[in-house]
Each structure stands twice: as structure tokens, then as C-alpha cells.
Amino acid sequence: MNVLLNGRSRHFRTVEFDGRRNAVRLIEQRLLPHCFKIVAARDHQATAAAIRDMVVRGAPAIAATAAYGLAQGANEFRGRDRARFERHVSAVFATLQQARPTAVDPVNAMREVLGQMRTGGTVREQQDIAMRAAQAFADRSVAECEAIGRHGAVLIREGMRVLTHCNAGWLACVDIGTATAPLYAAQAAGRQFHVFCDETRPRCQGASLTAWELAQQGIPHDIIADNAAGHLMQRGEIDLVITGSDRVLGRTGEVANKIGTYTKAVLAHRHGIPFYVAIPLSTIDWELVRGFDIPIEERDEAEVLGAWGVAWAPARSRRQRITRPVRVRIANPTSRARNPGFDVTPADLVTGIITPLGILKPGELWTHRQRLGAPA
Ligand code: MRU
């Protein structure tokens, strides 16, 4: 997507690979919306740390990062011994997989790269294949988001008020986004609509990232506190909900997504508001048979007990104004916190899944599994 930097609009992908330096280049999302910076992860451990520490986040974005990270790790190997190379690649895979557990996309992406590597003979061949396979995954992920936009745009009618949760925009993907793709396509078709961004405590990806993206795109929006959605729904001020997902079970249609998604789905159901989930194919888990078994990331309690943002340092002029990241404690000093990062929404609360192949009922994923790329 395009970013306005110093008055100039430039196109960026969230994740890219610098083949010459064997480095993964990422937008440093923890600084947004206050500072736009690209950082380089120079080895696979640094790439795994960038996923773990949420320099890059969002299921399709960490999938592409992991795919590049696997190719990067494969490239780090010196020598021709295939057995040693395979052990090395397995260790790289495990390091990247463990970085964040809930999203299935990184695992699906790395399995794809690994599968293609196996068609190579020598170590050198496999290293080259890994690079091309990671790049192909990233490019296809962008094409899938475009297709999600084409299919999902019909849902956004003139004058609608749309609620979204967390950030399932282009920052969460390689480009374009999943939940935001229909919005961008509807905007391109000339439709006017309004978006409500859930703030999405504790890390506030809605208030910081989605709001920034929509502002960059010129889409009218308001940030709302997470607990305001029920009130707005009750007053008839929300017509549609679209979220992304970190893992949709192909067998049951259950949807894991950022904590608070389930609450919004229950509220939408109570108020008869359609609730859609937009996903690329890498988000589908064809193995698990029940949502209860999805690993839910438990994050540091400090995220709940406090908040962070920026302080404006005094400056002589507006241009010189600099920001300083600050963290403040909100909670009672002696209290502890629980911080599950994701929740699981049952299929009966989901109106439809917007896929690159069209909009399906959650229960139809399994029926269409071949078309949707389930392993044979
Ligand atoms: O913890 P995050 O910021 O990685 O959570 C992101 C989400 O929950 C997104 O909705 C999900 O990854 C889908 S992104 C297209």
C-alpha cells in the first residue's frame, strides 16, 4: 500500500527479502503510527525474534516472514552434507514456528517452502528453491488479498458503518489486508462508508495500526473503546462486522482471532448484524478437529497492567518535534493479570468466510476443501 512520507506517497510491502544481504526487511510496527521505519533481520534467529516481539504481526505477515526466515536460515548453512543440512533446516523451522503459536499461517507457509525444497538435489539447489518458494508464497498472499477484496466488496454498501477488530489490514499481511481488502475495493468503486476500529486492548492494534492505515487511505473512521461496540450496535450504528483470523478450522469453521473477537461475534448475533471473517488460504487449518485445541498465546501480563504510547518532547519548531516512547502503569501495583492473546469464535456466530475463492459459510469449507488447497 502507499504511505505518505514527507509529503510523498511511496509503495511498501510489510515484509520483503533482501537476497543480497540474506536479510528480511520489515516495517517496525511497534513504532507506528508515530514513526515509520524499516528494519532488517539479518539471520533467522533475528527474524524469529521479530515475529515473537511483534516487530511484524498479523497472521499472513508472519507467514511470509517465516517463509523468508526459513529460506534465510537455509542460506546460512555452509557445506554440502545433505543430512546435516536437513537437520539444520528442521531446527530453523522449529525456531520460527515457536515464535508465535496461535496463527497457523507460518506453519502452512513453511511447509510449502519445505515441500518445494525437497524437489531439489544438492544443498545449493535446495537453498535456491527455498528462496523462490518463499517469494512465490509472499506474491500469492498479495494476490489472495486482492481476490478477497473483489469478493468482499459486494458486502460494503453505500453509507454502511463497518466494525473491525484489531488490525487485519495491509500491515498484517504482505500487502492490501484481509478484513480491509473489501473496504479498499469498495472505496475504489466509489462507495462511501464509515469504519469503526475497535481499540483492541491491550496492544491497541486497532487504535494505532488500523486507524493509521485507514487515515493513509482516506477512509472515514472512528476509533472506539473495545467495550463501546455493544452500545453502538444497540443504537443501530453498526451494519456489518469484518475481522481477520489467525486460524480457521477447515473441519468445523471455528475462527481464532485477536482476543475480543468472540465478544463482538456474540454481540453481532444478538443484534442481527452480519459477522464476516476474511482469510487467505494459509489461514485454514485442515488438521485440528475442535477449536478448543487451538493453542492460545498467553502474553506478558505487563501488556494488561499498563499501556504505552509516545510523549511529545518539547521542540523549538513543529518540524523538530520528536517523540519518545513511554510506558505507564495503569493497574493497582500489587495486582497480577491474565493476558490471553486470542479467542475462538464458534462457527454458528459467523455469517460467512470471505476467501480468495468467494464467500462461503463456515460449514462449507470442508465441502470445498479440494478447491481451497487442503492436502490430499
Ligand atoms: O497479535 P496480532 O497483532 O498478531 O493479532 C493480529 C490479529 O488478530 C489479526 O486479526 C489476524 O492476525 C489476522 S491478520 C490478517
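Bear in mind that the values here come from a model prediction, so they are computed numbers and not experimental data. Both counts, for ligands and for their atoms, begin at 1 and track the order of listing.
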Roughly how far apart are Glu199 CD and Ser208 OG, rounded to 0.5 Å? 9.5 Å
Record the part of Ala59 in heavy-atom contact with ligand 1 below 4.0 Å; permitted values are side chain, backbone, both and neither. both
Please list, in number order, the atoms of ligand 1 under 4.0 Å from a heavy atom of Gln205. 1 (O), 2 (P), 3 (O)
Please state which protein non-hydrogen atom is closest to atom 9 (C) of ligand 1 and give its distance, to 0.1 Å? Asn257 OD1, 3.4 Å
Quick one: are the ring centres of Tyr68 and Phe137 less than 6.0 Å apart? no
To atom 5 (O) of ligand 1, the nearest of Lys258, Arg299, Arg247 on a heavy-atom basis is Lys258
Going by distance only, is there an N or O of Asp246 that falls short of 3.5 Å from an N or O of ligand 1? yes
Quick one: are Phe12 and Leu5 in side-chain contact, heavy atoms under 4.5 Å? yes
Is there a heavy atom of Pro60 sitting under 4.0 angstrom from any atom of ligand 1? yes
May I ask you to list the atoms of ligand 1 that are less than 4.0 angstrom from any heavy atom of Phe342? 1 (O), 5 (O), 8 (O)
Report, in ascending order of atom number, the atoms of ligand 1 lying under 4.0 Å from any heavy atom of Ser245. 11 (C), 13 (C)
Can you tell me how far CD of Glu146 sits from OG of Ser141, rounded to the nearest 0.5 angstrom? 11.0 Å
Nearest 0.5 Å, please: how far is CZ in Arg8 from CG in Asn2? 11.0 Å
Short question: side chain of Thr210, backbone of Cys166 - any donor-acceptor pair under 3.5 Å? yes
Counting C-beta onward and ignoring hydrogens, is there a side-chain heavy-atom pair between Thr164 and Asp198 closer than 4.5 Å? no
Select one of side chain, backbone, both or neither to describe which atoms of Arg203 lie under 4.0 Å from any atom of ligand 1, heavy atoms only. neither
Quick one: are Leu96 and Thr47 in side-chain contact, heavy atoms under 4.5 Å? yes
Sub-3.5 Å N/O-N/O distance, Gly244 and ligand 1: no
Decide whether an N or O pair under 3.5 Å exists between Thr178 and ligand 1. no
Polar atom proximity, Gly58 to ligand 1 (N or O, under 3.5 Å): yes
Is it the side chain, the backbone, both or neither of Asn167 that has a heavy atom closer than 4.0 Å to ligand 1? backbone
Atom 4 (O) of ligand 1: the protein heavy-atom neighbour that sits closest, reported with distance to 0.1 Å: Arg100 NH1, 2.7 Å
Could you check Arg100, Lys258, Arg57 and say which one makes a salt bridge (Lys or Arg N to Asp or Glu O under 4.0 Å) with Glu297? Arg100
What protein heavy atom is closest to atom 14 (S) of ligand 1, reported as residue, atom name and distance in Å? Ala172 CB, 3.5 Å
Can you tell me if Met54 has a non-hydrogen atom under 4.0 Å from ligand 1? yes
Subset of ligand 1 atoms that lie under 4.0 Å from at least one heavy atom of Cys173: 15 (C)
Is it true that Arg161 and Asp239 have a side-chain N and a carboxylate O under 4.0 angstrom from each other? yes
Salt bridge (Lys or Arg N to Asp or Glu O under 4.0 Å) partner of Glu301, the single match among Arg338, Arg329, Arg336: Arg336
